[in-house]
Structures are given as C-alpha cells and as structure tokens.
Amino acid sequence: MTAPAPGKSPAGFVGVGNMGRRMAANLASAGFPLVIRDSDAETQRRFIAEHGGEPGDSPRAFAGATVVVTMLPDGNAVREAVLGARGGIASALSPGSVILDMSSADPVGTQKLAADLAPAGIRVVDAPVSGGIARAETGTLSLMVGGQDEDAFAHVLPVLQTLGQRIFRTGPLGSGHAMKALNNFLGASAYTTAVEALAIGKEFGLDPRVMLDVVNSSTGRSFNTEVVLKDDVVTGRYGTGFALGLLAKDVGIAAGLAEAVGVNAPACQLVRDRWAEAAAGLGFAADHSEAHKQWWTIDLAAD
C-alpha cells in the first residue's frame with residue numbers, strides 16, 4: 001500500500017473492474033489519494049484492502065476530490081454515478097472539479113452530461129482508452145482525449161500521464177468517445193472477416209495455424225490475426241478479458257454515430273448486427289474472442 005505523495009490532488013475512481021482496478025492501482029502507486037467506488041461491494045473492499053484508498057459509499061465521500069475518474073460499462077452508468085442516487089457524486093463536488101470519463105460511452109450522451117453539470121461549475125473530459133488489460137497493468141494505455149477546455153485538460157493531465165503512454169487530443173468534447181467507438185468498429189470488423197476466412201479455410205481443409213502464419217506474413221494481417229486469433233481462438237483459450245457485450249456496444253455506438261452525422265455506412269451496420277447477434281446468443285459477459293461460436297458450429301481451434 002503506497003502512502004499519498006505530497007502535492008497530489010485527491011481523486012475519485014468509480015469502477016474497479018478488469019480495466020479499472022489496474023488503472024486505479026497505478027494511481028495509488030503514483031501516490032494519488034483515492035476515493036474508490038464500485039457497484040460490487042466486495043470488489044470495492046478488496047481493492048481498498050490491497051491498494052488503499054477511502055470507500056466512496058456516499059456522494060459525501062468524494063467532497064475532497066477535484067478529479068473523478070469513471071471507468072464504467074457505458075454512458076448510462078456514468079450518468080447514474082454522477083447525477084443519480086442521492087444527487088450523485090456531482091452533488092458533493094466543488095466548482096472547477098472535473099469528471100474524467102474513461103469509459104466507452106455515447107459521445108452525444110457525454111455532451112448532454114457536460115451541459116447538465118455546467119451550471120454547477122463541474123467540467124467533463126472524455127478520455128477512453130485502448131490497449132487492453134496488459135497495457136492497463138503497465139500504465140501504457142493509449143488515451144483519446146476529447147474536450148477543448150485547456151484548464152480542465154491541464155487539471156487531469158497528471159492522471160492521464162500516470163495511466164497512459166500516448167495521449168491523443170481528438171477535438172471537442174465527445175470526440176474521444178467517438179474515436180474509441182470507431183476504433184473498436186475497425187477491430188470488430190477485422191475479427192469478423194478474419195474468422196470468416198478461418199472458417200472457410202478450415203472447411204476446405206486448411207490448418208488455422210498455417211493460415212494465420214501466412215496471413216501474418218501477408219497483407220491480411222491485423223491485431224486480431226496477430227494476437228486475438230493466434231493467442232485465443234486457434235488455441236481455444238478465449239481469455240482476452242474483454243467482454244463480447246462491450247465490443248457489441250461500441251460497434252453500436254459507431255453505427256449510431258454514422259446515422260447521426262448522415263454517413264451511409266452499410267459495413268458498419270452489418271458488423272453491428274453481427275456482434276449484436278453474438279452478444280444476444282452467447283451473453284454479454286462472454287469473451288469477445290468467442291463471438292464466432294454464435295455464427296457457426298465450426299471449431300476454429302487448430303488440430
């Protein structure tokens with residue numbers, strides 16, 4: 001357990017699940033005094049026992065925090081934490097405080113949250129992450145930061161620098177969430193086409209491992225063929241730690257964004273429908289690398 005560092009502002013952290021607990025642990029190791037909140041009481045208790053911090057059992061517990069990080073499943077959960085029961089966390093925050101939303105959320109909802117908090121002088125910065133559990137553990141995530149309030153950005157920068165290796169300023173508020181959704185749409189698309197290729201090849205008689213060796217030395221390679229399919233699909237491990245339902249949600253956000261801005265995006269709509277089908281059939285919590293099980297009975301594990 002690390003003692004708070006002199007001069008580090010207190011920070012709230014809401015959501016210490018697979019990603020959040022690793023991120024919050026890095027903040028604790030860096031000496032940030034933390035207030036920890038999780039909807040699962042045992043998860044919250046265990047984190048505090050291992051890493052320190054105060055329990056955020058009521059909005060009042062966050063009164064000293066000038067930054068509150070949210071790492072939750074979606075924007076609705078963020079809104080509930082900030083503005084929900086007993087007035088939400090926002091009811092205890094001072095003017096000038098910043099909600100740093102590092103979840104994957106709908107960018108339009110993020111803008112609405114900021115508008116609702118503005119009369120109280122509370123600001124919002126969206127900074128979703130990419131890099132998965134391994135890079136959350138090492139504090140080397142890529143961060144997509146939306147918002148053009150330079151004072152608010154400067155206020156959260158020490159937190160961002162502790163959690164990420166690369167910080168991208170993506171534009172106005174909500175643009176970080178838009179970028180995250182579009183990035184995950186590309187990842188989901190790559191997975192979808194790659195497992196289709198494996199399924200076709202295996203039915204013809206090709207070995208999935210040989211297929212991946214060829215693809216990863218050729219133009220069809222992607223993060224999915226180099227990592228997800230190689231490490232989790234053809235091995236039958238299915239242990240990326242990223243929930244299928246979360247990826248389906250992100251692709252849905254990307255498709256909704258296309259509709260909102262009037263871009264005809266049939267591939268995005270098709271991938272959204274494909275992943276929604278997988279999430280409905282296999283369950284929200286299934287590992288995202290298992291999605292192909294909903295689409296065929298073909299076993300993509302290597303012989």
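If you're wondering where the values come from, they're calculated on a predicted model, not measured in any experiment.
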Is the backbone of E290 close enough, under 3.5 Å, to the side chain of D287 for a donor and an acceptor to pair up by distance? no
Can you get from L157 to M71 by hopping between Ile, Leu, Val, Met, Phe, Trp and Tyr side chains that sit under 4.5 Å apart? yes
Where is the tightest heavy-atom contact between V35 and G56, given as atom of each residue plus distance? CG1-CA, 3.6 Å
May I have the step-by-step check of side-chain hydrogen bond (donor to acceptor under 3.5 Å, both in side chains) for D57 and Q44, ending in yes or no? CA-CA 10 Å; D57 293 332; Q44 177 179 302; 2.7 Å; yes
Salt bridge check: are R272 and E259 linked by an N-O gap of less than 4.0 Å? yes
Scan side-chain atoms only and decide if S142 and R135 contain a donor-acceptor pair under the 3.5 Å cut-off. yes
Evaluate whether atom CD of E54 has more than 12 neighbouring non-hydrogen atoms of other residues, nucleotides or ligands under 6.0 angstrom away. no
For D101 and S103, which I'm curious about, is there any donor-acceptor pair between the side chains at under 3.5 Å? yes
Main chain of D213, side chain of S217: is a donor-acceptor contact present, judged purely on distance under 3.5 Å? yes
Main-chain N/O of N224 paired to S222 side chain as donor or acceptor, under 3.5 Å: yes
Between K180 and S130 (side chain of the first, backbone of the second, donor and acceptor by atom type, cut-off under 3.5 Å), is there such a pair? no
Less than 4.5 Å apart, any side-chain heavy atom of F62 and any of S97? no
Polar side-chain atom of Q111 near backbone of L173 as donor-acceptor pair, under 3.5 Å: yes
Is there a donor-acceptor pair closer than 3.5 Å between any side-chain N or O of R221 and the backbone N or O of S218? yes
Give me the ring orientation class for Y191 and H288: parallel if the planes are under 30° apart, tilted from 30 to 60°, perpendicular past 60°. tilted
Can we say R79 and D116 salt-bridge, meaning some charged N sits less than 4.0 Å from an Asp/Glu carboxylate O? yes
Side-chain H-bond candidate by donor/acceptor type, T192 with W275, under 3.5 Å: yes
Exceeds 12 heavy-atom contacts within 6.0 angstrom, atom CZ of R166: no
So do L300 and V195 actually touch side chain to side chain, heavy atoms under 4.5 Å? yes
Please test H177 against S104 for side-chain hydrogen bond (donor to acceptor under 3.5 Å, both in side chains), starting from the C-alpha separation and ending with a verdict. CA-CA 6 Å; H177 283 143; S104 295; over 6 Å; no
E150/R169 salt bridge by N-O under 4.0 Å criterion: yes
Under 3.5 Å, is there a donor-acceptor pair between the side chain of K249 and the main chain of P73? yes
Just one of N26, T140, V129 clears the side-chain contact (heavy atoms from CB on, under 4.5 Å) bar with L163, so which one? N26
I'd like to know if the side chain of T240 pairs up with that of D232 as donor and acceptor (distance under 3.5 Å, no hydrogens or angles considered). no
In short, L198 meets P208 closest at the heavy-atom pair CD2-O, 4.1 Å
Expected output: side-chain T110 to main-chain D106 donor-acceptor under 3.5 Å: yes
Is the charged tip of K293 near the ring of Y238: under 6.0 Å from the six-membered ring centre and within 45° of its axis? yes
So, are D151 and R123 salt-bridged, with charged N and O less than 4.0 Å apart? yes
Where the side chain of T235 meets the backbone of D231, is there a donor-acceptor pair that is under 3.5 Å apart? yes
Closer than 3.5 angstrom, by distance alone: can the side chain of D38 be matched with the main-chain N or O of V16 as a donor-acceptor pair? yes
Carboxylate-amine/guanidinium proximity below 4.0 Å for E226 and K230: no
